[in-house]
There are 2 protein chains.
Amino acid sequence: MDYKDLQVFLSLSSQQHLGKAGQQLHMSASTLSRRLARMEEEAGAQLFNRDTTPMQLTPAGELFRQHAEQTLLSWQQLRSSVGTEVSDLSGQLTLFCSVTATYSFLPDLLSRFREQYPLVDLRVHTGDAAESIPRTESGDADVGIAARPEHLPAGLTFKAMASSPLLFIVPRTPANLAGMNQAEIDWSEVPMVLSESGLARTRVNQWFAERQIQPHIYAQVAGNEAIVSMVALGVGVGVVPELVLRNSPMASRVRVLNVQPELEPFAIGLCSRTQRLEEPLLRALWKTALL
Amino acid sequence: MDYKDLQVFLSLSSQQHLGKAGQQLHMSASTLSRRLARMEEEAGAQLFNRDTTPMQLTPAGELFRQHAEQTLLSWQQLRSSVGTEVSDLSGQLTLFCSVTATYSFLPDLLSRFREQYPLVDLRVHTGDAAESIPRTESGDADVGIAARPEHLPAGLTFKAMASSPLLFIVPRTPANLAGMNQAEIDWSEVPMVLSESGLARTRVNQWFAERQIQPHIYAQVAGNEAIVSMVALGVGVGVVPELVLRNSPMASRVRVLNVQPELEPFAIGLCSRTQRLEEPLLRALWKTALL
DNA sequence: TGATGCCGTTGCATTTTATGCAACACAACG
DNA sequence: CGTTGTGTTGCATAAAATGCAACGGCATCA
């Protein structure tokens, strides 16, 4: 039983769903299934009733939940009270990431980082995810949350935190676009909404090139989030990472196209100049992020 | 941070010594060193001051110790209160092991097992460790704590819990034996005190055979513990597992002989008939032991 | 002051464990 | 009766833990 298990359990308690908890925690459902099974083994009792939908806490599970909350709280308090070793670390750190990363990674990372390093002035710049790498490389940002590019520029270090499939999306209206299946699509005719640059664009270009198709590009956009919005408005077909789609308020107005072969998934993670990883501030942030 | 870490930390707190804690926990010092380092990393503070001898808890370490005690207590209570799933398991289980195993493995195993399965009538038979395997094989015992033999009889399953070197020991008095070094020893003259049977005896026989030596066997004993006593009395040279020596009150009256090449270490662990491992009672005991 | 023993740490090879994917089983719903 | 949604499991792979042996610092003693 480790503390990560306790967090997993709390997430399961609130979501009552392996898949949803898995998304929240950036893990697969099978992993959660097995971790839960192991927890039950160690506790010596069944913690969830999986026969019902949604799965529900057993009485033993409720006791376990209280134990988990209490233990994590105690642990958090311990860390904040003894974390004097580093709390005098101060300075400024600039992090660049996409708006979506802001939703899915930053809340967790920031709250833990600020708790432990309250004196560090952490600045977050949001923008097109495609800019994360160049901004980090140029020193414009100290850390970037980015998709790992095909070829990582020399001098940069990358560490994956999650991966996300790259999806073709179509609007649910109007009907002429909404009803499409891959086989029916004339890619040279259908208007595409694509990233201006970045890995997503590279992957799409490659996909079309391999099929010797000259796509009709209707709009090029900086920022995957905007692509979802434009597609939702019925402008055309877009390509975005699943993570972006999931966090978009427009997600329900859009449909994922089943395209074969699929585009290679994104590996999303932390990125910094290798040389600077020795700096205390950067070490602290990486340590917190990868914990 | 997992619950095993917390136990490790409590052991370190009381022993203030990596080697000693390692013996208590059946782990190497290097493992404990790294586990402690990781705990400090996760806690964000140094927990022990290693500059002093013995190493001492820092103030942060003291807080951590309280957290560890509280958490393990809460965990223990949780398990005993929800362990209803299996607490109705009842029956009788016979375990055979040496006296030494009684000291080094049984306290931990028994306390955890009885807590979770209070209705099981657990009978412990002690005797020569060499008997563990045959007694288990014959069904005389359901489980044995034994050294893994060269060739495990068919139908038996073995799982290692610890390993222990096999040592030559000599008395500290009288002087004629106490002062010996390996090079000076005439193995065909010096009186030996050996196990009557079992793996220890097999290994010793093999050791002598490989050197084409006909040892002078003064006494053959059932039970390694008695060997230590006889050697301590000055009877001759003995061979016992380090684990036995460590737990013997006669340990201080005996000296370990540096012999090359060393005898192959014992692998000590649990042993049962494979077929019977499916029985609920045996499953329960194995699960508890290997947790 | 140099030799020796004690103790914690670290590089490396190995074993053990965790993870994701894909296939599966089963239930609810249309 | 298929279809969708959900948890589980076999398998190949990736990641982490472990022990051994070598190392370095420190105290003790000749």
Side-chain angles (χ1 to χ4, degrees), chain A residues 1-5 8 11-12 15-23 25-42 46-58 61 159-165 242 255-256 258 261-262 264-269 290-291, chain B residues 1-5 7-8 11-12 15-23 25-42 46-58 61 159-165 242 256 258 261-262 264-269 290-291:
Chain A
M1 188 71 55
D2 77 23
Y3 287 7
K4 188 70 185 169
D5 282 327
V8 163
S11 176
L12 281 173
Q15 302 286 8
Q16 302 184 303
H17 190 291
L18 292 180
K20 289 175 189 167
Q23 289 190 343
L25 299 162
H26 305 297
M27 296 177 180
S28 74
S30 68
T31 296
L32 295 187
S33 172
R34 269 185 283 237
R35 286 183 90 135
L36 179 56
R38 186 162 52 76
M39 286 188 248
E40 290 179 325
E41 176 82 1
E42 291 185 29
Q46 192 177 341
L47 302 175
F48 271 99
N49 182 358
R50 271 85 138 197
D51 296 339
T52 65
T53 299
M55 57 199 263
Q56 256 173 328
L57 277 179
T58 62
K159 174 70 183 173
M161 294 193 291
S163 96
S164 187
E242 189 269 349
R255 191 170 60 86
V256 174
N258 182 13
E262 292 179 0
E264 192 183 336
F266 269 35
I268 299 156
L290 301 180
L291 191 61
Chain B
M1 189 68 56
D2 76 24
Y3 287 6
K4 188 70 186 169
D5 283 327
Q7 291 177 329
V8 164
S11 175
L12 281 173
Q15 302 286 6
Q16 301 185 302
H17 188 292
L18 293 180
K20 290 175 189 167
Q23 289 189 342
L25 300 161
H26 306 296
M27 297 177 179
S28 74
S30 69
T31 295
L32 295 187
S33 172
R34 268 185 283 238
R35 284 184 92 133
L36 179 56
R38 185 162 52 75
M39 286 188 246
E40 290 178 326
E41 176 82 1
E42 291 185 30
Q46 193 179 339
L47 302 175
F48 272 97
N49 181 357
R50 268 80 137 205
D51 296 339
T52 65
T53 298
M55 55 199 264
Q56 257 174 328
L57 278 179
T58 61
K159 174 67 183 175
M161 294 192 293
S163 94
S164 186
E242 190 267 349
V256 174
N258 182 14
E262 292 178 359
E264 192 182 337
F266 269 34
I268 298 155
L290 302 179
L291 192 60

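Quick note on labels: first sequence line is chain A, next is B, and so on, each numbered from 1. The basis for the numbers below is simple: all heavy atoms, side chains too, and nothing from hydrogens, waters or symmetry mates.
- Contact of the A:L290 side chain with the A:M161 side chain is registered, since non-hydrogen atoms from C-beta on lie closer than 4.5 Å.
- Atom-to-atom, NE2 of A:H26 to C1' of C:dT19 comes out at 16 Å; the value is rounded to the nearest Å.
- Rounded to whole Å, the distance from CG on A:L18 to P on D:dT8 is 6 Å.
- Put simply, CG on B:L18 and CE on B:M27 are 12.5 Å apart, with the number rounded to the nearest 0.5 Å.
- Atom CG of B:D2 is separated from atom C1' of C:dA18 by 13 Å (rounded to the nearest Å).
- For the atom pair CD (A:E41) and CE (A:M1), the distance works out to 10.5 Å, reported to the nearest 0.5 Å.
- Using a 4.0 Å cut-off, some side-chain N or O of B:S33 falls inside it from OP1 or OP2 of C:dT9.
- With rounding to whole Å, B:M1 atom CE is found 12 Å from D:dA17 atom P.
- Rounded to an integer number of Å, the gap from B:K4 NZ to C:dT16 C1' is 16 Å.
- In this structure, B:R38 and B:S30 both approach DNA chain D, and ranking their closest nucleotides by distance from the 5' end singles out B:R38.
- A donor and an acceptor atom never sit less than 3.5 Å apart when one is taken from the side chain of B:R35 and the other from the base of C:dG8.
- Put simply, CE on A:M55 is 10 Å from C1' on D:dT6, counting in whole angstrom units.
- Between A:T31 and C:dG20 there is a side-chain polar atom (N or O) within less than 4.0 angstrom of OP1 or OP2.
- Taking atom CZ of residue A:R34 and atom P of nucleotide D:dT9, one finds them 9 Å apart after rounding to whole Å.
- Atom CG of A:N49 is separated from atom C1' of D:dT6 by 14 Å (rounded to the nearest Å).
- Between B:R50 and C:dT9 there is a side-chain N or O to OP1 or OP2 distance below 4.0 Å.
- Put simply, CG on A:L36 and CZ on A:R50 are 4.0 Å apart, with the number rounded to the nearest 0.5 Å.
- Map A:S163 and B:K159 each onto its nearest nucleotide of DNA chain C; the residue landing nearer the 5' end is B:K159.
- One finds the CG atom of A:L32 at 10.0 Å from the CG atom of A:D5 (value rounded to the nearest 0.5 Å).
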